Number of protein chains: 2
Amino acid sequence: MNDDKNVHIFTISQIADELDISTRTIRFYEEKGLIKPGRTAGNQRIYTARNKARLKLILRGKRFGFSLDDISEMIGMADTDMDELAQIEKSLYFGEAKLKEIQDRKKELSLLEQDILATRKKLLQRFTELKNPATTNNKKENV
Amino acid sequence: MNDDKNVHIFTISQIADELDISTRTIRFYEEKGLIKPGRTAGNQRIYTARNKARLKLILRGKRFGFSLDDISEMIGMADTDMDELAQIEKSLYFGEAKLKEIQDRKKELSLLEQDILATRKKLLQRFTELKNPATTNNKKENV
DNA sequence: CTTATAGTTTACGTAAACGTTAATTATAAA
DNA sequence: TTTATAATTAACGTTTACGTAAACTATAAG
């Protein structure tokens, strides 16, 4: 079984360029235990496609306001001093909670969208008022 | 025209309790110009339902990882040293960008959900493997 | 083999978003 | 009216998530 599949290996700067983050950020995530890339003979980091996918997941979580600690638990790599079973159970439990949170956020996302649309409406109204002062009355509202 | 509608007024701690944030946080948002509550004769802050709604909007934005500066611009209260027209234009422009971002996030939300579901699947698989070692082969995968 | 260029660790620096006193004043309750 | 709560400003402290600089090592290019 020649394990030649996916010999695609990346350096840290290749990853940084592709994901548009700094190398410092990548190393920082490693410090926090979020990724564990391999090393060359000369001690330089090497990243597989899997490592890259993991980073994408982390960045996705961040875009939703999750802290790195949150993400760490979501991913299921936290508390490496627990036995595997307990760790898996914890991760599963945490994952369920996060799924519910995602449901909530889906709803909130729509609310936020509506908030912004409402703000836009008011701004546009005020905009035309300023452009055309005759047609409207001067009502002072602070939203 | 007796303006008796909505005389519902709240103190800062009432708001803090209801929205589950600290009074410090509320005052901090005021410092940043995100809200402008009224004052009593004795200089204490008073919040209307409108002020409360504004705070909810801010918190909603935060839950999606927007910075307070972002939210400030979304809401349309940034850069008070610009003339109103320019300010409105900027806010509108920013709002459009944020709406697009929200669209993207809707898609990403599903991706994140799928990531978690996939992780859960693997965890469950490993879980049963550990509980029932005979029935499966031992494949080592580090996600 | 030399020399850019890229990567490594260590460590101090920083911006954002509040937390936490402290000293003082308002307001509500008895 | 005294007194217990609650609110106010001011200022320094803290955590998260990196930025940045220094001193050194690996690797690629010529």
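Reminder, nothing fancy here: chain letters follow the sequence lines and each chain counts from 1. FYI, side chains are in, hydrogens and waters are out, and symmetry mates aren't considered; it's all heavy atoms of this structure. Please read all numbers here as calculations on a predicted model, not as lab measurements.
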Using OP1 and OP2 only, check whether a side-chain N or O of [X] sits under 4.0 Å from [N].
| X | N | value |
| --- | --- | --- |
| A:T25 | D:dA17 | no |
| B:T11 | D:dA7 | yes |
| A:Y29 | D:dA17 | no |
| A:T40 | D:dT27 | yes |
| A:K62 | D:dT16 | no |

inquiry  = Using heavy-atom distances to pick each residue's nearest nucleotide on DNA chain C, tell me which of A:Q14 and B:F28 is more 5'.
reply    =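 Here A:Q14 is the residue nearer the 5' end.
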To the nearest Å, how far apart are [X] [atom1] and [N] [atom2]?
| X | N | atom1 | atom2 | value |
| --- | --- | --- | --- | --- |
| A:I26 | D:dA17 | CD1 | C1' | 15 Å |
| B:K32 | C:dA16 | NZ | C1' | 7 Å |
| B:D20 | C:dG19 | CG | P | 11 Å |
| B:E73 | C:dA16 | CD | P | 13 Å |
| A:E30 | C:dG7 | CD | P | 14 Å |
| B:F10 | D:dA7 | CZ | P | 14 Å |
| B:I71 | C:dC18 | CD1 | C1' | 14 Å |
| A:I9 | C:dG7 | CD1 | P | 14 Å |

key: Counterpart residues, salt bridge (Lys or Arg N to Asp or Glu O under 4.0 Å), relative to B:E101 (two or more places apart)   =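 Result, salt bridge (Lys or Arg N to Asp or Glu O under 4.0 Å) vs B:E101: B:K98, B:R105.
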For B:L92, all residues meeting side chain to side chain contact (heavy atoms under 4.5 Å, CB included), sequence neighbours excluded =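 Result, side chain to side chain contact (heavy atoms under 4.5 Å, CB included) vs B:L92: A:R120, A:L123, A:L124, B:I88.
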query = Do the side chain of B:Q14 and the main chain of B:T11 share a donor and acceptor less than 3.5 angstrom apart?
reply =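 Here the side-chain-to-backbone pair exists.
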inquiry  = Taking the minimum atom-to-atom distance to the side chain of A:S22, which one of D:dG19, D:dA7, D:dC18 wins?
reply    =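 That would be D:dG19.
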ask   = Which one, D:dT27, C:dC18, C:dT27, comes nearest to the side chain of B:L68?
value =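 The answer is C:dC18, which lies nearest to the side chain.
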ask   = Do B:L34 and B:F28 have side chains that get closer than 4.5 Å, going by heavy atoms?
value =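 No, too far: nothing below the 4.5 Å cut-off.
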key: Short side-chain donor-acceptor distance under 3.5 Å, A:T48 and A:N51   =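 Side-chain D/A pair, A:N51 to A:T48: present.
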ask   = Which of these, B:I75, B:L57, B:L55, sits in a side-chain contact (heavy atoms from CB on, under 4.5 Å) with B:I35?
value =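 Only match with B:I35 under side-chain contact (heavy atoms from CB on, under 4.5 Å): B:L55.
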Interface polar pairs with nucleotides 8-10 of chain D, N/O, under 3.5 angstrom:
residue : atom : partner : partner atom : Å
D:dT8   : OP1  : B:R45   : N            : 2.7
D:dT8   : OP1  : B:R45   : NE           : 3.0
D:dT8   : OP2  : B:R27   : NE           : 3.0
D:dT8   : OP2  : B:R27   : NH2          : 2.5
D:dT9   : OP1  : B:R39   : NH1          : 3.2
D:dT9   : OP1  : B:R39   : NH2          : 3.1
D:dT9   : OP2  : B:R45   : NH2          : 2.0

task = Check the surroundings of atom CG in B:D20: do more than 12 heavy atoms from other residues, nucleotides or ligands lie under 6.0 Å from it?
result =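 Count not over threshold, so no.
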